[in-house]
Amino acid sequence: MVLWRALGFCTCLHGLFWRGHAQSPVLNPIDNSDDLKILHWIHIPKAGGTAFTKLLKKVVCAINPLVRDFSPCCRLGLCLHSSSCHAAVGSCPLVSAIGRHSSNMALATSVPCCTTDLAMGITASFLHFSFPKKETLTADEYGRASVGIWPLGDRAAFLLSTGVSRATLTKHLEVKKYPPELLQPYGGTAQGIIAAALPRVTSTFESDPKIRNARVSLCSVLTRVYNHREVGAAEALPPACRRMRFHAIANATAPQGRALPGKASPGSKAGGGGLFLMGPGVALGGSQAKARPVLGHPRELKVGDYSLTILRHPFARAISANLYKGHSPNYDVFDLRPGLWLHPSVKPKGYRNFNFFDYVVAPEYQNNLVKMFGYSRGCDQAKKCDEAAALEDLAGKGPNSAKHRAAEARKLGGHKSGGARRTTACTLANQCQGYRNASGLDGRHLATAKRILGRFRFLGLQEAYNASVLLLAHEFKVDLDPADFDMERSSGKEEALLCRGFRRRQVASDARVCRHVMRANHLDSNLYEFVHREFCRRLEAAGLMGHPQVARELEAGALCSSLDFGDPEQFCAHFHESAGALAFRERDAQRCKLQVPSFHTFRGDRQKPNFDNLEWPPLPQGAFQDTHTNFGLA
């Protein structure tokens, strides 16, 4: 059994039954097929991603109509456990890496190439979060509430429709031994939960585990990043991806492993592992199932068609991260410098406090955008995985090996021969954290980041949050509610004090600090300006420039103007040295001194960073030039 942390949490790929849907194709802005779809979401630290995920869930519901009625992603306010409310495992498995600030740009190709295969593996492991231990559903505050928001019968229907066999689900529920109050609506038995779900599961398919594993292995080979500088170089998916997607729709068998009567799917042979397509309205285990032909091919997908992200200017993001738990040396949850940067739970009394100066000069926190998009396989675990995969290539299991291609073809045809790759899981799943030491970044990584971001289906800016919401809704054709424009997560009681955010505002309005932070993050500053211009171009193409909300937001933030957001001199002078900016800063300081007389400007005067005397390394030639060129795409 192979376990892999794909798209945000552990997923078991081996030994599970897989299902898909055989209803008529449902049109959507990306893909007119009816296979299960996931979103490749890159959650940038402190860029508004947590608030934005509620809209992503609405999108993933729109593009998965066959499971919409019982999908956890479509249940407002769902949180399966108090410790996972801002994670994929807590509410929506079909949006990758919610709450995880990590990336693997290979997934920009993998997800559109084999979205059904990946989705089935993800939802299979979601079984353990859907039906957790009984204490979670009875003692945990959020777990108890989740039973009302997403009833147990709906959970079973979702799992049976998206990758879990009836036998697996039955065995899992029997082990849990839920108390009578949870089982009462279902006749007092675990089997009652499944019985309530079966009438709602109108179509499904299964495939042989060996075939399934071969498909995932082939997907890994087809979409693996062999050279980080070539990420996003091609717009088209590998040719085999189209066959894999069609195969995922067409290959279906009866739920209990019985072959269905009717016409074999394209490419299969009678008696040789041929697979058949189920029609709608067929209950699980039904013996009168009818087969029907596939209704058309899916539209040709491109690299990045399911990829989305939202960015924030490096200066504002650095300030926000430094003052937020888990994102600074004072509250290190990533174990970046063991023994020096500590978690509060293990920090001894009187231990030193790291200030904003310490944060800015630490390479672990610099140029995180370019790390995540331009060097997403640069961490140690990804490098080790890729080295092992290269050894497998040499052993005759690589993409250019005739032996490998023949073995995969045999397994896709239903045969059991051929050796599976051992690195399938890590090449698809291993993701690198944005917070890591990558001091060797240069213009080549920046160019790669620009190119792959140009492939993303959606790009948003935190500074233009309303415009980003409208652009996403336009791209995926979803209806919006007023709550979709709320860009702040709920604040804790300690944040409701007088002068909330005063330290952040004082630092954020200091032009000297602004320049130094941007120079320390010169690659990210350049990348942000690049994406800023692409964002403006997409707003224009969508006809949104004239929308009142968009126009007000762009004018207030000087976005889509002649201001270069990647140039420290232009950006910092515009926002922090104008007469209005200086007057606001003074009024803000006077108001807070009246409210809290002993309040200092930044963690006490003794710890105020001395940016004036800081020796910064020389910048690369033209680091803040040539930011308005195109993405280098055909």
Side-chain angles (χ1 to χ4, degrees), residues 5-11 36-45 47-102 111 118-133 135-164 197 306 308-310 326 431 469 472 476 478 480-481 483-484 486-490:
R5 292 195 169 274
L7 311 181
F9 53 93
C10 246
T11 300
L36 193 63
K37 304 168 186 72
I38 57 178
L39 294 180
H40 172 220
W41 164 243
I42 305 299
H43 192 160
I44 303 300
T50 300
F52 206 70
T53 52
K54 64 178 180 290
L55 188 55
L56 297 176
K57 294 174 185 177
K58 181 175 288 190
V59 169
V60 87
C61 289
I63 64 177
N64 286 292
L66 294 175
V67 296
R68 183 185 303 150
D69 289 345
F70 38 77
S71 171
C73 305
C74 309
R75 300 301 172 92
L76 186 65
L78 177 65
C79 174
L80 297 177
H81 192 277
S82 57
S83 64
S84 61
C85 290
H86 298 303
V89 297
S91 59
C92 181
L94 301 180
V95 179
S96 72
I98 296 177
R100 294 188 66 203
H101 308 304
S102 57
V111 172
L118 295 177
M120 295 303 167
I122 292 169
T123 55
S125 76
F126 197 61
L127 166 66
H128 302 280
F129 301 97
S130 303
F131 291 100
K133 58 184 181 181
E135 290 80 9
T136 298
L137 298 180
T138 57
D140 182 82
E141 176 186 359
Y142 288 91
R144 288 198 310 271
S146 74
V147 176
I149 299 173
W150 192 35
L152 302 186
D154 288 357
R155 302 180 189 209
F158 176 74
L159 294 170
L160 290 170
S161 298
T162 60
V164 178
Y306 290 120
L308 311 89
T309 194
I310 185 169
Q431 302 192 46
V469 169
L472 184 69
F476 289 91
V478 297
L480 296 174
D481 301 313
D484 293 325
D486 296 337
M487 64 180 296
E488 298 291 341
R489 71 171 78 183
S490 58

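Each residue takes its place number in the sequence, starting with 1. Here the structure is a predicted model, which means the values were calculated and not measured.
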When rounded to the nearest 0.5 angstrom, what distance separates [atom1] in [X] from [atom2] in [Y]?
X	Y	atom1	atom2	value
I63	I38	CD1	CD1	9.5 Å
L80	D140	CG	CG	10.0 Å
F129	T136	CZ	OG1	10.5 Å
I122	L94	CD1	CG	7.5 Å
I44	F52	CD1	CZ	13.0 Å
I98	L39	CD1	CG	9.0 Å

Next item on the list: For D69, enumerate each residue passing the side chain to side chain donor-acceptor pair (under 3.5 Å) test, keeping only those at least two apart in sequence or located in another chain.
Entry: none

Notebook entry, point to check: With sequence neighbours excluded, what pairs up with T138 under the side chain to side chain donor-acceptor pair (under 3.5 Å) test?
Noted result: none

Ignoring hydrogens, what is the shortest heavy-atom contact between [X] and [Y]? Give both atom names and the distance.
X	Y	value
V478	V59	CG1-CA, 4.1 Å
L308	W41	O-CE3, 3.3 Å
H43	R100	CB-O, 3.6 Å
A156	A197	CB-CB, 3.6 Å
H81	C79	O-SG, 2.9 Å

Next item on the list: Using the test side-chain contact (heavy atoms from CB on, under 4.5 Å), find all partners of L76 that sit at least two apart in sequence or belong to another chain.
Entry: none

Check: In chain order, what residues pass the ring pair (Phe, Tyr, Trp, His ring centres under 6.0 Å) check against F158, with sequence neighbours excluded?
Finding: none

Item checked: Test salt bridge (charged side-chain N to carboxylate O under 4.0 Å, His left out) applied to K58 - qualifying residues, sequence neighbours left out -> D481, D484

Next item on the list: Quick one: which residue pairs count as a side-chain hydrogen bond (donor to acceptor under 3.5 Å, both in side chains) with a foot in residues 142-158, not counting sequence neighbours?
Entry: R75-D154, S146-R155, D154-R200

Note to self: Is it the case that the side chain of K57 and the backbone of K54 share a donor-acceptor pair, with hydrogens and angles ignored and the cut-off at 3.5 Å?
What the structure shows: no

Next item on the list: Ignoring hydrogens and angles, tell me if any N or O in the side chain of N64 forms a donor-acceptor pair with the backbone of L36 under 3.5 Å.
Entry: no

Next item on the list: Kindly indicate, with the supporting measurements, whether the criterion disulfide (SG to SG under 2.5 Å) is fulfilled by C61 and C74.
Entry: CA-CA 6 Å; C61 289; C74 309; 1.9 Å; yes

Between [X] and [Y], is any pair of side-chain heavy atoms under 4.5 Å apart?
X	Y	result
L56	L472	yes
P72	P93	yes
V164	F131	no
V60	C92	yes
T162	F126	no

